[in-house]
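Scroll down for the structure; my scribbles are underneath it.
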Amino acid sequence: MKFFDKSLLAMLALVSVSAVSHAADFKPRLIRFGYGLAEDSNQGRAVKDFSDELAKRTGGKMKAKGFGNASLGSDIQMQNALIGGAQEMMVGSTATLVGIVKDFGVYDLPFLFNNEKEADAVLDGPFGQKLAARLQEKGLVGLVYWENGFRNLTNTKHPIAKMEDMKGIKLRVMQNPVYIDMFNSFGANAVPLPFSELFTALETGTVDGQENPVNTIESSKFYEVQKFLSITKHVYSPWIVMASKKWWDGLSADEKKAIQEAAVASRDFERKDSRAGAAKAVDFLKQKGMTVTVVSDSEINRMREKVKPAFDKFAADGGAPVVKDLQAEIAKIRK
Ligand code: TK8
């Protein structure tokens, strides 16, 4: 009996030692994951999904807590908090990264992608990965791209069916020169503002309109303060999930792997969720009283022509190589 006890103990000890030596290296960690949209949005649901996926992979040791509604700050404020190491993770528009890596403006050039499939291929392929990797030297780790989506216009003044209808509309755009040039060239008065100030700006009439994917127009309740929706799909807008490089460098290899895997899983979840939501959003917005105008292909082509100088300006400002790379990549995908 005594012998049995001892050998059992020894065996247990051996088992537990080997279990420890094979166990992945996870520390208990709380990740503050900030985002700009409502909790009940495609962005909020995907942050929740990331958090579940990460807990699953780390036996609950690594926890990501979502902070929605820009409660940790606007996209740009959060980028800076990540760089400084005061916040661990965020998701936001690639468009707001132009102050850090100017070439991110390339995704904002209008009418680049014909559909989501092309966007996925570019973003997940070598082009998107190479551009994301350039954030590292600036203190950010770009993990995956999520879908924000094709952007459409809303305003309070009148239906917009053609470029001329934008004349004089005070239109909030993201803080990004490509957007400013694009909408000014269409005849609108582009007003750059952080997303976190947008609802109030629309409500108080500081601006007449804005442009965002239909999912966001729904989840941010812009239908409460906007009457007219025009389907223009002028830009396919990506979101990018990022981590603070300062923080990332202190993680074990296992921890990094778990985050990367959870990020990829959340990306697949988010794209499905966003696409399902976008398919239903226009009907929802009509029910809420919005007047919807589908801008014709011939009017879109006129906009495409009109906006060429904005393309040329981006290229002349040092963007030429990245535009060329992206166009070559798109051409490859279309073949
Ligand atoms: C949310 C923003 C938003 C973007 C915008 O923080 O600013 O209009 O489309 O999704 O990143």
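Here the structure is a predicted model, which means the values were calculated and not measured. When a ligand or atom number is given, it counts from 1 through the structure's own listing order.
A ring-centre distance under 6.0 Å is not found for Tyr35 and Phe67. Separation of the Tyr145 and Tyr107 ring centroids falls under the 6.0 Å cut-off. Checked against the 6.0 Å centroid threshold, Phe314 and Phe311 do not count as a close aromatic pair.
Heavy-atom contacts of Asn212 reach the following atoms of ligand 1: 4 (C), 5 (C), 8 (O), 9 (O) (cutoff under 4.0 Å). Remark: ligand 1 atoms within the under-4.0 Å shell around heavy atoms of Gly36 are 6 (O). Listed by number with element, the atoms of ligand 1 under 4.0 angstrom from any heavy atom of Met174 are 4 (C), 5 (C), 7 (O), 8 (O). Of all atoms in ligand 1, listed by their number and element, those nearer than 4.0 Å to a heavy atom of Leu37 are 1 (C), 10 (O).
Ion pairing between a basic and an acidic side chain is recognised when a charged N comes within 4.0 Å of a carboxylate O; Lys27 and Glu255 show no such pairing. Salt-bridge check for Glu116 with Arg275: failed, with every basic side-chain N at 4.0 Å or more from each acidic carboxylate O.
Classification of the Phe195-Phe222 ring pair by plane angle, with boundaries at 30° and 60°, yields tilted. Taking the six-membered ring for Trp and thresholds of 30 and 60 degrees, Phe186 and Phe183 have ring planes more than 60 degrees apart, a perpendicular arrangement.
In terms of polar-atom proximity, defined here as any N/O pair under 3.5 Å, Glu211 makes no such contact with ligand 1. Any N or O atom pair closer than 3.5 Å counts here, and Thr216 shares no such pair with ligand 1.
In terms of protein heavy-atom proximity, atom 6 (O) of ligand 1 is closest to Asp75 OD1, 2.6 Å. Counting only heavy atoms of the protein, atom 4 (C) of ligand 1 lies nearest to Ser93 OG, 3.3 Å.
Within the 4.0 Å heavy-atom criterion, the part of Asn148 lying near ligand 1 is the side chain and not the backbone.
In this structure, the side chains of Asp325 and Lys130 come closer than 4.5 Å at one or more pairs of heavy atoms.
Assignment of Trp239 to the shell around ligand 1 is supported, since a heavy atom sits closer than 4.0 Å.
The closest non-hydrogen atom to atom 8 (O) of ligand 1, taken over Arg172, Gln43, Met78, Gln210, comes from Arg172.
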